[in-house]
Amino acid sequence: MNKKITEAFAKGKAFIPFVTCGDPSLDVTEKIVYAMEEAGADLIELGIPFSDPTAEGPVIQGANLRALSGGVTTDKVFDMVEKIRKNSSIPMVFMTYANVVFSYGIERFCKRAAEVGMDGMILPDVPFEEKEEFASVAEKYGLDLISLIAPTSYERISMIAKEAEGFVYCVSSLGVTGMRSQITTDIGAMVELVKAQKDIPCAVGFGISIPEQAKKMAAQADGVIVGSAIVKLCETHGADCVPYIKEYVKSMKDAIR
């Protein structure tokens with residue numbers, strides 16, 4: 001288990017924002033990371049853009065396309081992280097897709113991620129049965145491969161939880177990422193199933209966009225993950241998005257304290 005990821009949850013309920021690297025630009029992404037940390041983020045998810053992000057709804061899909069058409073590559077993302085690490089030690093994990101890691105070379109990707117100071121990665125399109133070829137290499141370099149569980153995972157949750165590293169990503173709703181008005185899943189029950197197998201933090205994501213939802217979800221889990229609402233601010237305000245994101249992250253962190 002990566003010590004820094006564990007520490008992100010040690011101080012109370014964790015707020016975990018997501019941003020797509022390179023939307024609107026990598027320079028702005030770097031500034032967003034600092035702003036989110038100042039606003040109280042406990043761990044940051046950095047999306048490496050991919051042409052076919054199957055877990056994402058329209059907002060993050062759009063960000064992926066903008067970043068890719070702006071010339072963002074995996075190597076450029078690594079270079080940006082290297083710059084961030086000169087100024088910040090906040091825990092960070094990549095969120096990307098199997099193909100991005102596979103085409104870069106699993107060993108090469110994990111080695112470079114560890115060298116630049118990343119703490120883990122989330123690959124939403126890799127099912128539990130196929131995670132070994134990624135997990136074993138990630139572990140070798142001290143990176144946690146974060147497992148996801150879905151509301152339909154019931155009998156699989158125990159199996160996934162037993163081998164989980166870092167934290168467990170509880171997907172709050174069926175379907176793709178995006179802002180939802182209602183979350184009806186029994187998150188508490190999912191979390192209980194995980195904790196029965198392993199003492200590991202559980203963070204809830206997919207669909208959370210307003211402080212009231214964050215507060216409600218944080219009451220049932222150890223942390224809250226927010227992506228689309230932040231990416232939407234990048235889309236709306238472009239290069240001027242940093243203060244808006246900072247204010248938003250602060251309001252969400254305040255709600256779960």
Side-chain angles (χ1 to χ4, degrees), residues 1-21 29-48 55 60 77-78 80-85 87-96 110 113-114 116-124 138-139 141-149 164-172 177 187 191 194 198-209 211 213-215 217-218 220-231 234 245-246 248-257:
M1 299 277 261
N2 182 290
K3 193 162 102 308
K4 276 174 66 184
I5 292 180
T6 310
E7 281 168 6
F9 291 88
K11 308 186 292 285
K13 304 289 182 178
F15 183 67
I16 304 172
F18 165 92
V19 67
T20 301
C21 295
T29 303
E30 183 186 348
K31 292 185 181 112
I32 291 171
V33 169
Y34 304 141
M36 294 196 298
E37 181 177 18
E38 283 165 21
D42 298 286
L43 185 150
I44 292 173
E45 283 183 22
L46 294 177
I48 300 181
I60 296 176
V77 172
F78 282 137
M80 178 198 71
V81 172
E82 213 165 17
K83 280 164 73 179
I84 290 170
R85 281 290 179 239
N87 305 302
S88 170
S89 60
I90 190 166
M92 293 194 296
V93 299
F94 281 136
M95 168 112 168
T96 191
C110 293
V116 298
M118 291 301 290
D119 301 295
M121 58 185 184
I122 303 166
L123 302 172
E139 191 182 347
Y141 291 102
L143 301 166
D144 285 341
L145 181 66
I146 310 296
S147 298
L148 292 94
I149 57 171
E165 296 292 334
F167 66 92
V168 172
Y169 192 131
C170 302
V171 176
S172 75
T177 59
I187 298 297
V191 171
V194 171
K198 194 171 195 174
D199 182 18
I200 187 170
C202 294
V204 189
F206 281 48
I208 300 165
S209 62
Q213 286 171 324
K215 192 181 170 83
M217 291 296 133
Q220 304 172 65
D222 304 300
V224 172
I225 301 165
V226 174
S228 295
I230 292 167
V231 173
C234 295
I245 292 173
K246 186 172 184 175
Y248 175 79
V249 170
K250 186 181 182 307
S251 72
M252 295 295 273
K253 178 64 185 181
D254 287 346
I256 67 171
R257 278 184 208 278

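Just so you know, these numbers use all the heavy atoms, side chains as well, and skip hydrogens, waters and symmetry mates.
- Rounding to the nearest 0.5 Å places OG1 of Thr6 at 10.0 Å from CG of Asp199.
- With rounding to the nearest 0.5 Å, the separation of OG1 in Thr177 from CZ in Phe18 is 7.5 Å.
- For CD of Glu30, the number of neighbouring non-hydrogen atoms (other residues, nucleotides, ligands) closer than 6.0 Å is greater than 12.
- Using cut-offs of 30° and 60° on the angle between ring planes, the pair Phe167 and Phe9 is tilted.
- Asp42 and Lys13 are not joined by a salt bridge, as no carboxylate oxygen comes within less than 4.0 angstrom of a charged side-chain nitrogen.
- No more than 12 heavy atoms of other residues, nucleotides or ligands lie within 6.0 Å of NZ in Lys3, so this atom counts as exposed by the packing criterion.
- Glu45 CD to Thr96 OG1: the interatomic distance, rounded to the nearest 0.5 Å, is 11.5 Å.
- Judged by distance alone, with hydrogens and angles left aside, the side-chain atoms of Asp119 form no donor-acceptor pair with the main-chain N or O of Ile5 at under 3.5 Å.
- The side-chain contact (heavy atoms from CB on, under 4.5 Å) with Ile44 is formed by just one residue from the set Ile16, Val33, Val249; it is Val33.
- Distance check, rounded to the nearest 0.5 Å: CD of Glu37 to NZ of Lys246 gives 10.5 Å.
- Closest non-hydrogen pair, Lys4 versus Gly117, comes out as NZ-O, 4.5 Å.
- Residues Met36 and Ile245 share a closest heavy-atom pair of CG-CG2, 3.8 Å.
- Atom CG in Asn2 sits 12.5 Å away from atom CG in Leu145 (nearest 0.5 Å).
- In this structure, CG on Asp222 lies 14.0 Å from CE on Met217, to the nearest 0.5 angstrom.
- The two residues Gly166 and Ile200 have their closest heavy-atom pair at O-CG1, 3.7 Å.
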